[in-house]
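One structure is given here, and the rest of the page talks about it.
Computation of the quantities below employed the complete heavy-atom set of this structure, encompassing side-chain atoms and omitting hydrogens, waters and symmetry-equivalent molecules.
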Amino acid sequence: MLLALAAILLGFVIMMFSADWFVKGAASIADYVGMSKLMIGLTIVAFGTSAPEIIVSLMAAINDSAGLAVGNALGSNLANVGLVIGLTAVIIPLQVSRSLVRSELPILLAVYGLAGFVLYNLDITWFDSGLLLLGLTAFIVFLFYKQRASQAESLSAEDEEINELVGLSLTKAIVALLGGLLLLLASAEVLVWGAKTVASLFGVPELIIGLTIVAVGTSLPELAASIASAKQGHHEIAFGNVIGSNTFNLLVVMAVPGLVGTQALGPEVFSRDFAAMLVISGLWMVMMLISYIRRQPFSRWMGILLLLCYFAYYGILATEL
């Protein structure tokens, strides 16, 4: 029991460090071969922030743990909205920009619709994965043209972040990329083993472990990044981190199991977990619209309401054990 819990904790710790090395190495190599900072941000950095969820989903699917893989994707989205946005807003009320309301939120709604279509028949096939990855391609193309059209001459906060990532020499970048990837794979394997062992010892479904322990652990980078961005006054980045992470979770993380093989899911995945994600995300979006229309910040009481809804969902999970 203690060994399994230690494996989960160790897996999380190594995963966070190795994801940073992987992103820095990949970004430096991309910069070295001439990729623009815009594309580095839209692809490598975006994928890198979701790397823990992606690798965990891959290893879970390989180990015949589809519930753990899908629970990781849905649970991370629930944690991003309920925990990350909720806690960030409690600490610092957030301003809601026009771009978020008119551009990013409609895209996220469309992604939720596509994910619902994939999950409705309670399995994920290679065809479903192809649909999700096609949606990802469309999302990246949209972001590319949108950001290129609105790119300012001065460095944005995202540009400054990318400049900090691309400073490695080619040799160091390759070492960081390969070393980060190997450690990601190893830590994900340790984490999945620990999660499966805990589920087996307590008689808890792997889906529940994925929705809770694994999801919260892999969402911690988003929590840290959102709070840090909000404290520096970059409120749009705080929201954007969550919108981007939720989009990648559904279009990439949830697509991974279907690439390994057809994955059958229990009915609760759609009727309970996906539905809870829609309800909490819908509440968040409505509150963002209210804040935008009234020209008021996304307030502390809104953050508290999201936190209460998130913990109420945990209460539902507890009653079904």
When rounded to the nearest 0.5 angstrom, what is the spacing between [atom1] in [X] and [atom2] in [Y]?
X      : Y      : atom1 : atom2 : value
Ser281 : Leu108 : OG    : CG    : 6.5 Å
Leu184 : Leu58  : CG    : CG    : 11.0 Å
Asp128 : Leu119 : CG    : CG    : 8.5 Å
Tyr313 : Leu78  : OH    : CG    : 5.5 Å
Ile243 : Ser103 : CD1   : OG    : 9.0 Å
Leu289 : Leu105 : CG    : CG    : 6.5 Å

Are [X] and [Y] connected in the hydrophobic side-chain network, where two residues link if heavy atoms are under 4.5 Å apart?
X      : Y      : answer
Leu308 : Met288 : yes
Trp193 : Met59  : no
Phe311 : Ile209 : yes
Val13  : Leu182 : no
Phe117 : Leu134 : no

[X] side-chain N/O to [Y] backbone N/O, donor-acceptor pair under 3.5 Å:
X      : Y      : result
Ser57  : Glu53  : no
Arg300 : Ile92  : no
Thr125 : Phe127 : yes
Lys196 : Ala60  : no
Asn80  : Ser76  : yes
Ser28  : Lys24  : yes

Between [X] and [Y], which heavy-atom pair has the shortest distance, and what is it?
X      : Y      : value
Gly303 : Val90  : C-CG2, 3.9 Å
Val192 : Val56  : CG2-O, 3.9 Å
Ala7   : Val190 : O-CG1, 3.4 Å
Phe270 : Gly116 : CE1-O, 3.6 Å
Gly11  : Ser187 : O-CB, 3.5 Å
Ala255 : Leu251 : CB-O, 3.5 Å

Do [X] and [Y] come within less than 4.5 Å of each other through their side chains, counting heavy atoms only?
X      : Y      : answer
Leu177 : Leu181 : no
Phe248 : Phe139 : yes
Ile124 : Val70  : yes
Val242 : Trp284 : yes
Leu250 : Leu132 : no
Met285 : Tyr112 : yes
Met287 : Leu306 : yes
Val286 : Ile290 : yes

Given Asn77, which partner from the list Asn249, Asn72, Asp273 fulfils the side chain to side chain donor-acceptor pair (under 3.5 Å) test? Asn249
Within 45 degrees of the axis of the six-membered ring of Tyr292 and under 6.0 Å from its centre: does Arg295 put its NZ or CZ there? yes
For residues 257-267, which side-chain donor-acceptor pairs fall under 3.5 Å, sequence neighbours excluded?
from	atom 1	to	atom 2	distance (Å)
Gln263	NE2	Pro257	O	3.2
Gln263	NE2	Gly261	O	3.0

Could you check whether Phe239 and Phe298 have their ring centres less than 6.0 Å apart? yes
Side chain to side chain contact (heavy atoms under 4.5 Å, CB included) between Ile55 and Val256, intermediate numbers included: CA-CA 9 Å; Ile55 300 298; Val256 169; over 6 Å; no
Please lay out, stage by stage, how Val279 and Cys309 fare under the test side chain to side chain contact (heavy atoms under 4.5 Å, CB included). CA-CA 9 Å; Val279 170; Cys309 290; over 6 Å; no
Using the side chain to side chain donor-acceptor pair (under 3.5 Å) rule, take Gln296 and Ser291 through it: C-alpha gap first, then chi angles, then the decisive distance, then the call. CA-CA 5 Å; Gln296 295 176 347; Ser291 298; over 6 Å; no
Between Thr247 and Glu104, does a side chain to side chain contact (heavy atoms under 4.5 Å, CB included) hold up when you go through it step by step? CA-CA 10 Å; Thr247 300; Glu104 278 81 357; over 6 Å; no
Full working for side chain to side chain contact (heavy atoms under 4.5 Å, CB included) between Glu189 and Asn63: CA-CA 9 Å; Glu189 179 69 23; Asn63 285 278; 3.5 Å; yes
Count the heavy atoms of every other residue, nucleotide or ligand shown that sit under 6.0 Å from OH of Tyr314, and state whether that count exceeds 12. yes
